[in-house]
Amino acid sequence: MATYPSLRHAIASLLLCLLAFGLSVTGRPATFLEDFRTTWADSHIKQLDGGSAIQLILDRTSGCGFASKRQYLFGRVSIKIKLVPGDSAGTVTAFYMNSNTDTIRDELDFEFLGNRTGQPYTVQTNIYARGKGDREQRINLWFDPSADYHTYTILWNHYHIVFYVDDVPIRVHKHNEAKNVPFPKFQPMGIYSTLWEADDWATRGGLEKIDWSKAPFYAYYKDFDIEGCPVPGPAVCASNPRNWWEGTAYQELNPLEARKYKWVRINHMIYNYCTDKSRYPVTPTECLAGV
Ligand SMILES: *[C@@H]1O[C@H](CO)[C@@H](O)[C@H](O)[C@H]1NC(C)=O
């Protein structure tokens with residue numbers, strides 16, 4: 001008897017998800033049903049606004065998560081997110097790519113660390129290349145990311161990896177193997193998203209605890225855009241220099257982007273592993289090579 005409502009619920013949420021995503025994956029429209037799967041707590045991922053958005057829910061019982069069914073080798077992934085509003089201290093919303101290989105993990109992380117009402121959200125980025133991470137950088141956002149949707153993008157091509165907040169590059173990791181900088185280029189990565197509680201570290205280093213009286217916490221997602229070489233797929237795709245994300249316009253920041261990048265780093269960066277001398281008495285190679 002107990003299985004009927006939950007099965008019905010599962011089918012309903014799949015249909016809702018299908019309605020909710022206007023996705024595109026290299027040449028064909030993407031759908032949640034076809035391109036994504038729930039990885040954690042189906043019951044905590046819901047449709048909203050007649051299907052134009054997805055709501056992720058965090059409450060005392062659970063957070064939730066979803067992932068792409070396929071992996072991609074190079075490309076550009078972007079997503080519109082509206083983060084947990086008000087008192088979001090202790091919550092973390094993540095959007096990342098991961099090779100899912102334990103020993104030689106490649107991973108590109110966006111993590112949105114909540115804060116007390118009126119205090120700025122922090123965006124932490126990290127890059128794992130060939131099994132090594134510990135490359136955290138943090139910026140405080142210059143707008144309230146819970147008031148409206150903003151676009152968060154990861155561009156990954158043979159020249160660099162760039163993290164964007166709307167049209168502002170907040171991080172660049174150059175492909176600089178000549179200077180011994182590890183760069184992910186062999187392993188495809190899946191696309192993941194989660195909303196969970198991490199009040200042991202997230203806000204002011206764990207000093208600010210989650211206020212469960214404010215639960216449930218909601219984050220909203222819409223307009224996934226995945227452009228890349230799906231794996232499995234044609235093997236020649238990833239090395240094709242004619243893929244648009246490998247084009248001249250994407251090989252380095254243009255002058256306007258470079259100015260925005262500089263502006264963010266001067267005015268909004270609050271942590272950079274490159275300059276953390278107590279952690280790295282010897283500056284990591286990629287920092288010298290110009291991150
Ligand atoms: C939260 O706000 C405090 C105070 O403005 C700030 O120092 C901190 O960087 C913000 N972010 C997090 C995640 O603690």
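Start at 1 and go down the list; that is how both ligands and their atoms are numbered. Along the sequence shown, residues are numbered consecutively beginning with 1. Hydrogens, waters and symmetry mates play no part in the numbers below; they use all other heavy atoms, side chains included.
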Which option wins on minimum heavy-atom distance to atom 8 (C) of ligand 1: Asn115, Leu207, Val123? Asn115
Under 4.0 Å from one or more heavy atoms of Ala202, ligand 1 contributes atoms 13 (C)
Answer yes or no: is there a donor N or O on one side and an acceptor on the other, between the side chain of His175 and the main chain of His158, under 3.5 Å? yes
Could you work out, with side chain to side chain contact (heavy atoms under 4.5 Å, CB included) as the rule, every residue matching Asp134, not counting sequence neighbours? Lys132, Glu136, Arg279, Tyr280
Which of the atoms in ligand 1, numbered in the order shown and given with their element, are less than 4.0 Å from a heavy-atom of Thr203? 13 (C), 14 (O)
Between Arg76 and Asp225, is the closest basic N to carboxylate O distance under 4.0 Å? yes
So, is Gln119 polar-close to ligand 1, with some N/O to N/O distance under 3.5 Å? yes
What are the two closest non-hydrogen atoms of Ile127 and Arg135, and how far apart are they? O-NH1, 3.2 Å
Does Ala89 come within less than 4.0 angstrom of ligand 1, counting non-hydrogen atoms of the residue? no
Of all the atoms in ligand 1, which lie at a distance below 4.0 Å from a heavy atom belonging to Leu113? 13 (C)
From atom 11 (N) of ligand 1, is the closest protein heavy-atom distance below 4.0 Å? yes
Between Thr203 and Gly114 (side chain of the first, backbone of the second, donor and acceptor by atom type, cut-off under 3.5 Å), is there such a pair? yes
Assign the ring pair Tyr192 / Tyr96 to parallel, tilted or perpendicular, where the plane angle (0 to 90°) is split at 30° and 60°. parallel
Show me which atoms of ligand 1 lie under 4.0 Å from any heavy atom of Pro120. 1 (C), 2 (O), 5 (O), 10 (C), 11 (N)
